[in-house]
Amino acid sequence: MEPYDHRAIEAKWQDYWEERETFATPTDRTRPKYYVLDMFPYPSGAGLHVGHPKGYVATDVVARARRMMGFNVLRVMGWDSFGLPAERQADKEGAHPRDITERNIKTFKLQLRRLGLSYDWKRELATSSPEYYKWTQWIFLELFKAGLAFQAEIPVNWCPALGTVLANEEVKDGRYVETGDLVEQRRMKQWMLKITAYAERLVDGLDSVDWPEGIKEMQRHWIGRSEGAVVRFAVADRADSFEIFTTRPDTLFGCTYCVLAPEHPLVGALTTPDQAEAVAAYRAEVGRRSDRDRMSQAVDAPKTGCFTGAYAINPVNGQRVPIWIADYVLASYGSGAVFACPAHDERDHAFARAFGLPIVRVVEGGPDVAEAAYTGDGPHVASAFLDGLDITGAKRAIITWLTDRGAGHGTIQYRLRDWLFSRQRYWGEPFPLVFRDDGTPVPVPVGDLPVALPEIAERKATEDGRPPLARAVAWMQATDPTTGLPAVRETNTMPQWAGSCWYYLRFISPDRSDVPWDREEERYWMPVDLYVGGAEHATLHLLYARFWHQVLYDLGHVSTPEPFQRLYNQGMIHATSYRDAAGRYWYPEEVEVRDGVTVSRATGVEVFPKMEKMSKSKYNVVNPDDMCERYGADAMRLYELFMGPLEDGALWETSGVAGTRRFLDRLWRLAHDEKVSASAVASRDLDRALHQAIRRVTDAVESLKFNTAISDMMVYVNEATKAAAVPAAHVDALVRIVAPFAPHLAEELWAASGHHESVTYAPWPEWDEAKLAVDLVTVAVQVSGKLRGQIDVAVDAAEADVLAAAKALPDVARWIEGKQLVREVYVPGRIVNLVVR
RNA sequence: GGGGGUGUGGCGGAAUCGGUAGACGCGCCGGACUCAAAAUCCGGUGGUUUCGCGACCUUGGGGGUUCGAGUCCCCCCGCCCCUACCA
């Protein structure tokens, strides 16, 4: 018998698949389809570590098994290749981001190829290619024409040192997280997408998809639908008024003051002269803190604020209440103003306590409202016509009252904000728009797309702070397609989220240059049946993509209301990192354990092991290429899924790969053993082990519980190894269920047993329910709930016989002797419990 | 503060309906092979106690329901992820 040489076998079959185009997407449309999709990666310079392929391996098993089950499978991979890191790397190396991106893609692709993933590489796409972003621009124009893209002057995070705008998540404590450069708020004209118009639909659509409840909940919270009322308060002694939003209009009679956001447009006008100085000082202080910093403060942070000197008239009772400004009221939510009812709102309560404002109870219940806000239900008091009603009744009554008098109305408010869609960077999609002299944006005709990214010498913002594309002076000069007059191009680019919003559609017909996707093919393949990726995309990518999809659906471009029918999040892989007291990280091979203490091998200084996310900077990454080299891609694939449930995080242990490798070695030996023959007859136990494994693996294709399915295959191989004879048909079925997990080895064994076609399209084995059945079962015998023995009985044995046999066991008789039997329980095939007193 | 998740041997994890807790793998221990080691193969492996048969304990902690609880109910504790004054 030849030894199992994983290097030769894996290289051989990877070449075979590539030459024969084994994984080309089938073209006949008579069979059922299965579209299984990985969240495509950003091709970073660091390459893959073993954490990345966990999801890819899982989807590969599903894809390969589904092919064998007779499905047409769409299994594809691409690159989310626009984005800032490539741009920064390019500046560092004096190269072009395109070249950096191409280089990184090449590395990623080689690493993925070594894992034997069954992608149809002819459908590969990259969001940064003009053939692709032509259609990203086209979708933007569809949004623009539908009135869902608009421009607004809004504050952005401007980093003067880098000459660029930064995303919110890149700024912390007023500094750029990577370099520590100061970031300031600057107002700039930005493109926005009206995602808020789809807020309701985005919430409702969640009910129709098969996603983890946690992710749905995160999206619901992000969208933040809340029902309430808008109420107009007049400013006393002035012609002005302002609107407030509240979810508790029933507590309006408990209003003792109002609060405007410091940025509220009315603040300047209504502040009285004697308060002007204090208000200006407070607003300046708040302005120094970014919105994000304000938000990141804990709820229990001390409340700050300032009285404006002005008063508002409470429309329900005509009372004059002071108007304050405070940063606990956010300008960007609702109308940027609230009425305060400190008796029944915790935030208002804290504020009232801090500034000595009155607290008036209007709902009965709870302890003294001078001590704490009461937010529970109860009969209303001191509320005129609301007295005696509960919250629901009072809300209904007050909204009717307000509506009748034109003082307010019921409404629904969303936390979701419109999507800031422009970036002042180079490496992104240019906007397909030109501006007339008067600033009117005009779409570039579809026939002229794509608007290609121009070449510029320096990819920095201009001296006067315009985006890098403003340096492409000639490129900027365009003509207005409607009038023929000169016009200038938009110099912002789209955010990285744009390309990933629709890539799953482009995979359907990536080669078509006349349409973004073929309509008939789209109807066949959509929706994505299984979408696997990290939970970190719960709110941004997955919400943006759903929004675009719903717009495309409304415009009649796609056939399904939701893009991703089933979503699954794979857990993150962690590894042990070692850090000394000074905070320096050490490589695992630099440390050792001496007398129970982990120390640096070289210096003897103590280091502290910790389980952390795999990261280059933490010196704890494990490279998949090393695993493929030492143990083989098949062993590595198995280990990735055997570690534990797919959705859980897990600690990487390279010794575990050695374990799955030993399993493959045993399988290899078994398949080559001469005890395997066409005439061999399997024992019932061996038969059952095989059919159990078939069943579990088949179920796992749906449930994604691969860890237990792999364990059942191990059980079979262990038993078959011990068996005297093994039928060839067993090995034949075994190889087929192993094939999705360890495809290279399976191909080799499949060929060795006389098959001339790839195992890829071999029929999936079926389990036989009869073979799973047992005729003799072991029944546990308990006395008063304690295990005292066990008996083997026929599955269909009569209860009386089983109980008699149980009582006859010496170890059981011992415990019931001299006692009174008060109850006898027999659960067929499982347990006997003899209760004594 | 809010939302979601989770807690089982030395470690990763099994346990379909409330029915023998610890499958499978890692690690460890013993044996075979070897001049020796590595690799490989075979066997053992929750804890305490016992020469042994066995007994007792054991699913984060405490209560409860039940003939029977890792699983159901109540209270408490720990850890992880997300979120952050959204009126």
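Heavy-atom basis, side chains included; hydrogens, waters and symmetry copies ignored. The sequence lines fix the lettering, A, B, ..., with proteins before strands; numbering per chain opens at 1.
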For residues 777-791 of chain A, please give each side-chain donor-acceptor pair under 3.5 Å, one per line with the distance, not counting sequence neighbours.
unit_1: A:T778; atom_1: OG1; unit_2: A:D792; atom_2: OD1; d: 2.8
unit_1: A:S784; atom_1: OG; unit_2: A:V836; atom_2: N; d: 3.2

Is [X] touching bases, backbone alone, or none of the nucleic acid, heavy atoms closer than 4.0 Å?
X      : answer
A:W652 : nothing
A:V835 : sugar-phosphate
A:S226 : sugar-phosphate
A:R830 : sugar-phosphate
A:V827 : base

Exercise for the section: Measure from the side-chain heavy atoms of A:R788 and tell me the nearest of B:A23, B:G27, B:C56. Expected result: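 Selected nucleotide (nearest to the side chain): B:C56.
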Mind listing the side-chain donor-acceptor pairs of residues 647-655 of chain A below 3.5 Å, one per line with the distance, residues two or more places apart or on another chain?
unit_1: A:E647; atom_1: OE1; unit_2: A:Y568; atom_2: OH; d: 2.5
unit_1: A:W652; atom_1: NE1; unit_2: A:T654; atom_2: OG1; d: 3.0

Problem - Stem list, RNA chain B (Watson-Crick or G-U pairing under 3.5 Å, at least 3 consecutive pairs) - result: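 For RNA chain B the paired stretches long enough to count as stems (3 pairs minimum) are B:1-7 with B:77-83, B:10-12 with B:24-26, B:27-32 with B:40-45, B:46-49 with B:54-57, B:60-64 with B:72-76.
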Exercise for the section: State whether A:N569 places a side-chain N or O below 4.0 Å from either non-bridging phosphate oxygen (OP1 or OP2) of B:C81. Expected result: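 No, because none of the side-chain N or O atoms of A:N569 sits under 4.0 Å from OP1 or OP2 of B:C81.
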Handout entry: Within residues 252-262 of chain A or reaching into it, pairs that qualify as salt bridge (charged side-chain N to carboxylate O under 4.0 Å, His left out) - sequence neighbours excluded
Key =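 Applying salt bridge (charged side-chain N to carboxylate O under 4.0 Å, His left out) to every pair that reaches into residues 252-262 of chain A, excluding sequence neighbours, yields nothing.
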Handout entry: salt bridge (charged side-chain N to carboxylate O under 4.0 Å, His left out) contacts touching residues 250-261 of chain A (sequence neighbours left out)
Key =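 As it turns out, the salt bridge (charged side-chain N to carboxylate O under 4.0 Å, His left out) pairs with a partner in residues 250-261 of chain A, which skip direct neighbours, are A:R248-A:D250.
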Return a table of donor-acceptor pairs under 3.5 angstrom between the side chains of residues 804-823 of chain A and protein atoms on other chains or two or more places apart.
unit_1: A:K807; atom_1: NZ; unit_2: A:E824; atom_2: OE1; d: 3.3
unit_1: A:K807; atom_1: NZ; unit_2: A:E824; atom_2: OE2; d: 3.3
unit_1: A:W815; atom_1: NE1; unit_2: A:D811; atom_2: O; d: 3.4

Do any N or O atoms of the protein come closer than 3.5 Å to N or O atoms of nucleotides 69-74 of chain B, and which pairs are they?
none

Exercise for the section: Can you check each nucleotide of nucleotides 3-15 of chain B against protein heavy atoms at under 4.0 Å and return B for base, S for sugar-phosphate only, - for none, in 5' to 3' order? Expected result: SS------SBSS-
Any N/O pairs under 3.5 Å between the protein and nucleotides 45-50 of chain B? List them or say none.
none

Handout entry: Contact list for RNA chain B against residues 805-814 of chain A - heavy-atom distance below 4.0 Å
Key =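 Residues of residues 805-814 of chain A that come under 4.0 Å of RNA chain B are, in numerical order, A:R814.
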What protein N or O atoms touch nucleotides 40-43 of chain B N or O atoms at under 3.5 angstrom, if any, and at what distances?
unit_1: B:U40; atom_1: OP1; unit_2: A:R662; atom_2: NH1; d: 3.3
unit_1: B:C41; atom_1: OP1; unit_2: A:R669; atom_2: NH2; d: 3.1

Practice task
Could I get the full list of salt bridge (Lys or Arg N to Asp or Glu O under 4.0 Å) partners for A:K771, not counting sequence neighbours?
Solution key: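 A:K771: salt bridge (Lys or Arg N to Asp or Glu O under 4.0 Å) contacts with A:D687.
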